[in-house]
Number of protein chains: 2
Amino acid sequence: MKRKRPTIHEVATRAGVGLGTVSRVLNNHKAVRPETRARVLRAMEELGYTPNPHARRIAGGRSYTVSILLPFVATEFYRRLIEGLEGVLLEKRYDLALFPILSQNRLRRYLESTTLAYLTDGLILASYDLTEHFDGGRLPTDRPVVLVDARNPRYDSVYLDNSLGGRLAGECLARFPGAIFAIKVEEEPDRAFRHTVFAERMAGFAEALATAGRPFPPEHLYTTRLSQEGGRLALRYFLERTSPPLNVFAGADLVALGVLEEAGRLGLTVGREVRVLGFDGHPFAEEVGLSTIAQPVEAMGAKAAQLLLDRMQGYTGPPREVRFEPILIERESTGAGAGAPYVP
Amino acid sequence: MKRKRPTIHEVATRAGVGLGTVSRVLNNHKAVRPETRARVLRAMEELGYTPNPHARRIAGGRSYTVSILLPFVATEFYRRLIEGLEGVLLEKRYDLALFPILSQNRLRRYLESTTLAYLTDGLILASYDLTEHFDGGRLPTDRPVVLVDARNPRYDSVYLDNSLGGRLAGECLARFPGAIFAIKVEEEPDRAFRHTVFAERMAGFAEALATAGRPFPPEHLYTTRLSQEGGRLALRYFLERTSPPLNVFAGADLVALGVLEEAGRLGLTVGREVRVLGFDGHPFAEEVGLSTIAQPVEAMGAKAAQLLLDRMQGYTGPPREVRFEPILIERESTGAGAGAPYVP
DNA sequence: CTGAAAGCGCTTACAG
DNA sequence: CTGAAAGCGCTTACAG
């Protein structure tokens with residue numbers, strides 16, 4: 001039934017080489033003659049060999065895994081981020097362990113647990129700068145730490161210039177006739193886990209409108225939790241205050257989707273009567289012709305993984321900050337392109 | 001800096017016993033004299049010893065971890081479920097590895113990967129019955145599998161009687177004057193990952209209303225994605241069709257929260273003008289006085305873990321089905337209790 | 001470039 | 001109830 005898995009030993013025998021050599025090809029060591037490597041690889045193939053990660057961990061004295069602490073919210077953003085991280089991590093034979101922060105209790109428990117010490121060669125913090133939860137502003141770990149979608153002067157950080165994104169959004173919508181509205185995504189109620197990206201986007205947006213001399217009164221800002229239905233409510237709210245045409249910066253693609261949905265239900269022509277601009281550049285934005293401020297989430301993830309890998313390999317320079325810039329992508333929802341109106 | 005961690009060896013020396021004995025107390029083996037155990041425990045304490053899980057895994061020939069595949073949605077339900085699972089798993093020194101199903105591709109990749117084989121002594125599938133994705137209706141693994149919040153005749157299953165829950169909801173609201181409405185939470189668009197709990201709730205609900213002779217026309221049903229804003233939209237929709245008092249079965253506590261929120265904004269008295277009944281019994285429901293059909297999520301998780309543990313310890317009986325029953329909890333939102341109206 | 005050996009930190013029969 | 005030994009499947013210097 002549960003047939004014993006082949007080990008490095010059998011591979012070595014079959015390939016007619018020593019254990020060490022098999023291990024070397026496993027680890028992409030330079031010092032292996034190409035033909036030897038090929039022979040070993042073939043033996044693995046024939047045997048259906050797959051390395052036992054646990055043995056590797058104990059022999060190597062490392063866990064070969066990186067943990068990521070991320071908010072317990074399931075969005076396309078984190079899907080993409082994880083994709084980007086894993087891309088470079090798996091290549092180096094590192095696993096990625098996900099730790100959604102289910103509650104503050106669990107966070108502490110985890111960070112202070114002995115599990116962490118064994119499970120992790122490095123730590124990635126997504127979106128939250130958790131350092132303020134701990135004495136001295138440092139996480140209770142001696143492993144390298146990298147922040148992504150967040151910033152902290154004490155750690156390597158990879159982040160998007162959300163303020164710039166907001167300005168791009170403002171400059172884009174300022175070109176159009178009609179009133180300008182925006183939807184701000186609410187922060188989490190738990191003050192301990194605050195992140196500021198949405199506020200930064202709005203600040204940049206307001207700044208660009210001010211520069212362009214376009215009015216943006218407080219009642220043109222609608223606040224909602226991150227949901228598609230929030231976008232629907234927002235558009236209704238805006239339409240109580242103005243008549244088409246109007247322009248909406250949705251603050252997040254998911255919310256923008258709701259604006260599109262509601263516009264469709266109300267029979268408004270998207271791109272003309274209602275112009276909608278999202279933020280994120282998620283794949284689904286393209287599918288529905290949504291204009292958006294795109295952020296290179298996968299690239300940010302890859303970069304964060306790279307910085308962490310550096311540290312794990314011994315790099316000890318001062319904290320590095322990598323800033324990514326978003327770009328404006330104009331599609332049908334702001335009147336660009338073939339102009340085919342959005343049909344939900 | 002990174003001081004070497006103490007091992008079982010040092011513990012043995014300090015306690016003046018053999019390696020095997022230390023291992024035995026670690027594993028709660030019966031065959032250890034209480035005083036010996038105490039001595040070993042004290043040595044561990046003094047040394048700050050914590051076992052190295054990787055060594056354990058390779059020596060024991062098992063991973064001592066259980067994987068859970070769960071939908072990539074972050075809800076209180078899964079938080080509670082995980083809590084319940086971990087409660088019993090950690091006690092047996094098993095870890096729980098989370099695998100949110102980010103995409104169908106990743107699911108396949110994961111299930112067919114060699115990682116799974118090493119990482120997992122058992123598999124828990126939450127909410128999705130993924131068996132139909134695979135040939136022969138069986139997952140490509142020889143490890144024990146348990147479903148929770150889902151059912152499949154081929155595997156142990158732990159589930160809630162959602163239909164009964166719907167009936168309880170119907171019977172509750174049928175007692176009140178005023179029209180009766182319901183909110184159905186939408187299934188995921190991806191047909192491959194369908195689960196039917198919301199449909200079952202609604203079917204039970206409709207059945208109970210029919211039995212009670214209360215009308216429930218199609219236009220009294222509002223469908224939305226799972227979000228608080230969805231509840232807000234639903235209440236607006238209902239109020240376009242009737243005048244208070246009205247009664248709303250929200251299908252999920254989160255959605256019910258939105259109904260309460262919107263009622264508050266509109267100045268309606270919750271519990272009198274608008275009666276609201278949720279489903280789930282999440283902790284936050286109590287905080288806001290929300291009546292609800294409570295499901296024992298933690299207990300379901302614990303039970304699933306227990307079933308899996310049985311299997312991992314060699315139990316080979318036929319698939320078992322464990323059915324849990326929800327209960328009605330009446331609070332202010334349906335007029336029970338002190339009657340203090342809900343204030344958001 | 002490659003092999004043989006030592007060692008990683010545990011668990012598990014096997015004797016006593 | 002307890003100790004000493006073998007072994008889990010790898011990695012990593014160390015020689016050649």
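Keep in mind it's a predicted model, so treat the numbers as computed, not measured.
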Sugar-phosphate only, base, or nothing, as touched by V22(A) at under 4.0 Å among non-hydrogen atoms: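 Counting heavy atoms under 4.0 Å across all strands, no contact is made by V22(A).
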Closest listed nucleotide, where the reference is the side chain of R93(A) and the choices are dT2(D), dG9(C), dT11(D):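 Given the options dT2(D), dG9(C), dT11(D), the side chain of R93(A) is closest to dT11(D).
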Side chain of I58(A) (C-beta onward), nearest among dG7(D), dT11(D), dG9(D): dG9(D)
Pairs satisfying ring-ring contact (aromatic ring centres under 6.0 Å, His included), at least one member in residues 32-85 of chain A, at least two apart: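 Non-adjacent pairs meeting ring-ring contact (aromatic ring centres under 6.0 Å, His included): Y64(A)-Y94(A).
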Pairing partner (Watson-Crick or G-U wobble, both distances under 3.5 angstrom) of dA4(D):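 dA4(D) is unpaired by these criteria.
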Complement of dA13(C), any strand, by Watson-Crick or G-U distances under 3.5 angstrom: none
Just to confirm, is there a sub-4.0 Å distance from OP1 or OP2 of [N] to any side-chain nitrogen or oxygen of [X]?
{"X": "T36(B)", "N": "dC1(D)", "value": "no"}
{"X": "Y64(A)", "N": "dC8(C)", "value": "no"}
{"X": "R56(A)", "N": "dT11(D)", "value": "yes"}
{"X": "S23(A)", "N": "dC10(D)", "value": "no"}
{"X": "N52(B)", "N": "dC8(C)", "value": "no"}

Residue pair R57(B) / T65(B), side-chain heavy-atom distance below 4.5 Å: yes
Given DNA chain C, 5'-ward residue of the pair L19(A) and R24(B), judged by closest heavy atom: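 The 5'-side residue here is L19(A).
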Salt-bridge present (E35(B), R39(B); N to O < 4.0 Å):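 A salt bridge is absent here (no side-chain N lies under 4.0 Å from a carboxylate O).
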Polar side chain donor-acceptor pair, S127(A) to D149(A), under 3.5 angstrom: yes
